[in-house]
There are 2 protein chains.
Amino acid sequence: MSNSKFRKDRTPLYLKVAEVLRQRILRKVWQAGEFLPTVNELMEEFQVARVTVREAVKILESEGLVDPRRGRGTVVLAHKSPTRPLHVVTSLSELVDVYRGDVPDLVSLEDRVTELPEGVSTGTSVGEYHMLKRMHSRDGQRYCVITLYLAKAIFDKHEQEFRTSLALPVLFDDPDIDISIARQRLLVSKCDMETAMHLDIPLGEPVAEVRRILCDSNENILYVADVIYRGDYIQLDMNLLA
Amino acid sequence: MSNSKFRKDRTPLYLKVAEVLRQRILRKVWQAGEFLPTVNELMEEFQVARVTVREAVKILESEGLVDPRRGRGTVVLAHKSPTRPLHVVTSLSELVDVYRGDVPDLVSLEDRVTELPEGVSTGTSVGEYHMLKRMHSRDGQRYCVITLYLAKAIFDKHEQEFRTSLALPVLFDDPDIDISIARQRLLVSKCDMETAMHLDIPLGEPVAEVRRILCDSNENILYVADVIYRGDYIQLDMNLLA
DNA sequence: ACCCAAAGTCCTATATATAGGACTAATGTG
DNA sequence: CACATTAGTCCTATATATAGGACTTTGGGT
């Protein structure tokens, strides 16, 4: 393996060695109880100094992934397999069902009247929207930051519910609300500074940016949601023959 | 803005300042021709030293995003808006159409007979598969690494075509091939070392890992594709009412 | 007990990251 | 031209990253 690229950017080498080893551990290249290659072998593989390898191993140790044992080697510890508990679904009724079964903790970040954000490419603005920005978590794990824009008339009608629970089931259960257009877009990107702080993840970490737009039969925009999910918390399963 | 989190991990500060500023520029917080905050203002905002800010600006300059002018300030340059030219679609016929219209450059990385990889959770293995691993690029831009597993009998039937063009149209056009199950999963993750080198992107960069599985009516697995796309090259649009 | 393997420690050394501060050079504007 | 603003340069200083090498300590196995 040529390591010329490995050395090219300015991220410290020990952070990169740690990342490579972490991915291998999480992908089960080594089972719990097995030993990492020795420090000398890793020095050879990555073409780095002993201190660089040891610094990387120290990071993995602090994450509970390995236990270095003098005279023996560095043993891989059992760790929780990464699960991606949240399924991003691809139909509105499924989405509402998922949301019904989801009772995350909500922390309000912002709550005010505003206009739609730029770049909403489907439908027609009704002018004023109520914006709710919140962070969701489950079992103490923060997993997304969501910014909702609800047409003001709709928000006013169910104000209390929108404030205390997830928006989509509320919307879906209102018989006066007719949804004719429902689109969703997913982008893969790097976490921005503000969201990183809310989610307690590093700047630049992989996230999924999801935008959802719901319109009525006159193409009036009723609801826009901009959600930033931790990339490692979600998966997206699709039936290509549906 | 509290910067306690900003300082917390061991990535060099100037790399992080550069990332924050880069995102702002790409998200059009400043238009081309506008000025970044002064060095003093950035020092204040991020609570870092002058040299740290200047190092960050130097990186952005090397990327052609800014032009620092002594006595004036640092002007934001026009830059190509990020486009995400590749749409990951959610139906098989669309997928085949996209692939028909796509004539990327293919670089063969691996080409051999093997078994299916672990973790294929749909369908039944037919035993032997021909594995083709390739890198795709367009206009000199590498955008994905794909690992195909084709049932050996099918591969042998269209060996030449599979070697020189995209697999799905070939598969779809064979009247003897009956596809009854077609599933796709998308995960957001960090780029691994090997793929990073193929795609010429940094280790840990956001990527989309896509697995596609096609089975016949007996649930025999005909085709598995593991694709790793650069996160910034793709988007996924869904009609939630389809 | 002895031997071997492997992590841990220590040493010297250079390069890079970060800081605070002062001074210089370049660019507009009035 | 004078003045104000802003990036660029230089200085001193500390902290961190990286390197190569040698020696010590620890844990198993025989």
Side-chain angles (χ1 to χ4, degrees), chain A residues 3-22 25 30 33-77 202-204, chain B residues 3-22 25 30 33-77 202-204:
Chain A
N3 294 313
S4 60
K5 179 66 185 178
F6 195 75
R7 284 186 172 267
K8 202 155 167 203
D9 66 81
R10 299 165 87 152
T11 308
L13 287 175
Y14 72 98
L15 290 180
K16 294 199 282 191
V17 172
E19 177 62 33
V20 172
L21 296 179
R22 183 185 300 112
I25 291 170
W30 302 292
E34 286 183 347
F35 286 84
L36 287 198
T38 65
V39 173
N40 282 338
E41 285 166 341
L42 293 173
M43 286 166 66
E44 183 72 32
E45 177 182 352
F46 294 108
Q47 291 294 303
V48 295
R50 171 183 302 277
V51 67
T52 307
V53 170
R54 291 178 44 67
E55 202 62 32
V57 170
K58 192 159 97 181
I59 287 173
L60 298 179
E61 186 184 9
S62 75
E63 298 172 6
L65 292 176
V66 298
D67 178 18
R69 295 179 189 165
R70 198 174 198 170
R72 295 287 288 124
T74 303
V75 64
V76 176
L77 296 179
L203 172 73
Chain B
N3 293 313
S4 59
K5 178 64 182 175
F6 195 74
R7 283 187 174 269
K8 203 158 165 199
D9 66 81
R10 298 165 88 153
T11 307
L13 287 175
Y14 71 97
L15 290 180
K16 294 199 285 192
V17 172
E19 178 61 33
V20 173
L21 296 179
R22 182 187 298 113
I25 291 170
W30 303 292
E34 285 182 348
F35 286 83
L36 287 198
T38 65
V39 173
N40 282 339
E41 285 165 341
L42 293 173
M43 284 164 68
E44 185 70 33
E45 177 183 352
F46 295 107
Q47 291 295 302
V48 295
R50 171 182 301 278
V51 66
T52 308
V53 170
R54 291 179 42 69
E55 202 62 29
V57 170
K58 192 159 93 178
I59 287 172
L60 298 179
E61 187 184 9
S62 74
E63 298 173 5
L65 292 176
V66 298
D67 178 19
R69 296 180 187 163
R70 199 173 193 169
R72 295 287 290 122
T74 302
V75 63
V76 176
L77 295 179
L203 172 73

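Keep in mind it's a predicted model, so treat the numbers as computed, not measured. Reckoned from all heavy atoms, side chains included, excluding hydrogens, waters and symmetry mates. Letters A, B, ... mirror the listed sequences (proteins, then strands); counts begin at 1.
Listed pair Arg54(B) / dA7(D) fails the phosphate criterion, with no side-chain N or O lying under 4.0 Å from OP1 or OP2. The phosphate of dA7(C) has OP1 or OP2 within less than 4.0 Å of a side-chain N or O from Thr74(A). Here Thr52(A) reaches the OP1 or OP2 of dA19(D): one of its side-chain N or O atoms lies under 4.0 Å away.
Applying the salt bridge (charged side-chain N to carboxylate O under 4.0 Å, His left out) rule to Arg22(B) yields the partners Glu19(B), Glu63(B); only residues at least two apart in sequence or on another chain are considered. Legend: residues meeting side chain to side chain contact (heavy atoms under 4.5 Å, CB included) with Arg70(A), ordered by chain and number and at least two apart, are absent. Legend: residues meeting side chain to side chain contact (heavy atoms under 4.5 Å, CB included) with Arg72(B), ordered by chain and number and at least two apart, are Phe35(B), Arg69(B). Residues forming a salt bridge (charged side-chain N to carboxylate O under 4.0 Å, His left out) with Glu41(A) (at least two apart in sequence, or on another chain): none.
In this structure, Glu55(B) atom CD and dA19(C) atom P are separated by 12 Å, rounded to whole Å. Between the CG atom of Asn40(B) and the P atom of dA7(D) there is a distance of 7 Å, rounded to whole Å. Between the CG atom of Leu36(A) and the C1' atom of dG8(C) there is a distance of 16 Å, given to the nearest Å. Counting to the nearest Å, the C1' atom of dT6(D) and the CG atom of Leu42(B) are 12 Å from each other. For Arg50(B) and dG21(C), the CZ to P distance is 11 Å, given to the nearest whole Å. Note: CE (Met43(A)) to C1' (dA5(C)) measures 15 Å, nearest angstrom.
For the residue pair Asp9(A) and Thr11(A), a side-chain donor N or O sits within less than 3.5 Å of a side-chain acceptor on the partner.
Across all non-hydrogen atoms, the minimal contact from Ala18(A) to Ala56(A) is N-CB, 3.6 Å. Closest approach of Val66(B) and Val57(B) over heavy atoms only: CG2-O, 3.9 Å. The shortest heavy-atom contact between Arg10(B) and Pro12(A) is O-CG, 4.2 Å.
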Identify all pairs in which a protein N or O lies below 3.5 Å from an N or O of nucleotides 12-16 of chain D, and state each distance.
none

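Comparing dA19(D), dA17(C), dA19(C) by their closest approach to the side chain of Pro12(B) singles out dA17(C). Nearest nucleotide to the Ala49(A) side chain, out of dG20(D), dT18(C), dA6(C): dG20(D).
Listed by residue number, the members of residues 61-73 of chain A with any heavy atom below 4.0 angstrom from DNA chain C are Pro68(A), Arg69(A), Arg70(A), Gly71(A), Arg72(A), Gly73(A).
Using a 4.0 Å heavy-atom distance criterion, Val39(B) is classed as a sugar-phosphate-only contact.
Side-chain contact between Val53(A) and Phe46(A): absent, with no pair of heavy atoms (C-beta onward) separated by less than 4.5 Å.
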